[in-house]
Amino acid sequence: MSDLSLFLGQFLRRPSEIRAIAPTGRATAAEMARLVTPQMEAVAEIGAGTGTITRAILATGLPPQRLELYELNAAFCARLGERFPGTRVHNLPAQEMVNVGRQGLDAVISGVPTLPMPDELQAAIVGAALSMMKPGAPFVQITYGPLPPLSEAVRARFGLSHRKSRRIWANLPPARVYVFRQSP
């Protein structure tokens, strides 16, 4: 079964778990993985989906054993485990990563659609990630909307600054990637 078939099937069966209309495109995935290097000790991807971003992260040369994947959808987790041996796949929501994941993450790459979420859920996800990350490490977030994918209140609460990529038209829908960092 292709990634698109799996994605659409899960979108129809479990719409509350799948909030994007298609898997992330390759150009967007490459932009999201741009800051990952083979020297990093530990990286987490939250909302790993069918693995498009995972593939881009591993293409940077990061060894699979240093990558943890978090995904809410069980069918996607099974696919990720088959496709990316050596990675640690967790069938959990992103905000629960603090219960099972590694400390000292060099980066968190997020495919979780945070823009439509209430501030409390955004804060739970970002707070969990930041508690696991090294100081100053990037939190990379995809968005499809015109606004930053984390609310102003959440950014202020955690002291986050950001930079954004150009709009990536080769994605359905067109996307933008934000890199957030906590101020020292």
Side-chain angles (χ1 to χ4, degrees), residues 3 6-7 10 17-20 22-115 117 121-122 124-134 136-144 149-150 160 162 165 168 171 175-182:
D3 284 353
L6 175 63
F7 187 90
Q10 292 301 303
E17 292 179 13
I18 316 298
R19 297 199 178 148
T24 303
R26 285 187 212 148
T28 305
E31 179 65 25
M32 292 186 75
R34 190 174 57 78
L35 298 176
V36 176
T37 68
Q39 293 76 32
M40 289 182 165
E41 295 173 15
V43 173
E45 179 188 357
I46 59 176
T50 58
T52 307
I53 300 166
T54 309
R55 187 176 298 110
I57 292 169
L58 294 173
T60 68
L62 183 78
Q65 304 86 328
R66 297 184 193 166
L67 181 59
E68 294 204 5
L69 306 173
Y70 294 85
E71 173 53 52
L72 186 58
N73 183 280
F76 289 173
C77 286
R79 172 68 60 92
L80 292 165
E82 293 167 6
R83 187 169 283 162
F84 305 107
T87 62
R88 292 177 58 193
V89 180
H90 305 282
N91 186 195
L92 293 170
Q95 61 271 30
E96 291 184 26
M97 69 188 299
V98 296
N99 299 320
V100 297
R102 299 180 202 178
Q103 295 289 324
L105 294 171
D106 292 296
V108 171
I109 313 297
S110 173
V112 176
T114 56
L115 186 60
M117 292 179 175
L121 185 52
Q122 284 185 16
I125 292 167
V126 173
L130 290 172
S131 73
M132 306 287 290
M133 295 165 63
K134 291 179 180 175
F139 180 88
V140 180
Q141 177 66 54
I142 189 173
T143 191
Y144 306 108
L150 298 176
L160 298 173
H162 68 272
S165 73
I168 303 166
N171 200 80
R176 186 164 278 166
V177 175
Y178 279 72
V179 177
F180 293 94
R181 292 185 193 266
Q182 205 166 26

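Nearest approach of Ile109 to Met32, heavy atoms of both residues: CD1-O, 3.5 Å. The two residues Val98 and Ser131 have their closest heavy-atom pair at CG1-OG, 3.2 Å. Between Pro138 and Leu35, the closest heavy-atom pair is CB-CD1, 3.9 Å. Taking both residues in full, the closest heavy atoms of Pro38 and Gly61 are given as CB-O, 3.6 Å, listed atom of the first, atom of the second, then distance. Shown here for Met40 and Leu62, the closest heavy-atom pair between the two residues is O-CD1, 3.5 Å. Of all non-hydrogen atoms in Leu150 and Gln122, the two that sit nearest each other are CA-OE1, 3.3 Å.
Under the salt bridge (charged side-chain N to carboxylate O under 4.0 Å, His left out) criterion, Glu41 pairs with Lys134, not counting sequence neighbours. In this structure Glu68 satisfies the side chain to side chain donor-acceptor pair (under 3.5 Å) test together with Tyr70, Arg88, His90, Arg102, sequence neighbours excluded. For Phe84, there are no ring pair (Phe, Tyr, Trp, His ring centres under 6.0 Å) partners at least two apart in sequence or on another chain. Take Thr54 and apply the side chain to side chain donor-acceptor pair (under 3.5 Å) test, not counting sequence neighbours, and it matches Glu45. In this view, Phe139 satisfies the ring pair (Phe, Tyr, Trp, His ring centres under 6.0 Å) rule with no residue, not counting sequence neighbours. The salt bridge (charged side-chain N to carboxylate O under 4.0 Å, His left out) test applied to Arg34 returns Glu31, not counting sequence neighbours.
Using a distance-only test at 3.5 Å, with no hydrogens or angles considered, no donor-acceptor pair links the side chain of Thr87 to the main chain of Val89.
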Exercise. Determine, stepwise, if the pair Ile46 / Gln95 fulfils side chain to side chain contact (heavy atoms under 4.5 Å, CB included).
Key: CA-CA 9 Å; Ile46 59 176; Gln95 61 271 30; over 6 Å; no

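The side-chain heavy atoms of Val36 and Val140, taken from C-beta on, include no pair separated by under 4.5 Å. With a 4.5 Å cut-off on side-chain heavy atoms, Tyr144 and Leu115 do not count as touching. Using a 4.5 Å heavy-atom cutoff, the side chains of Met97 and Leu92 are not in contact. No side-chain heavy atom of Ile142 sits under 4.5 Å from any side-chain heavy atom of Pro149.
From Arg176, atom CZ reaches atom OG1 of Thr28 across 11.5 Å, with rounding to the nearest 0.5 Å. The CG atom of Leu105 sits 10.0 Å away from the CG atom of Leu67 when rounded to the nearest 0.5 Å.
Each of Val108, Ile125, Thr114 was checked for a side-chain contact (heavy atoms from CB on, under 4.5 Å) with Gln141, and the lone residue meeting it is Thr114.
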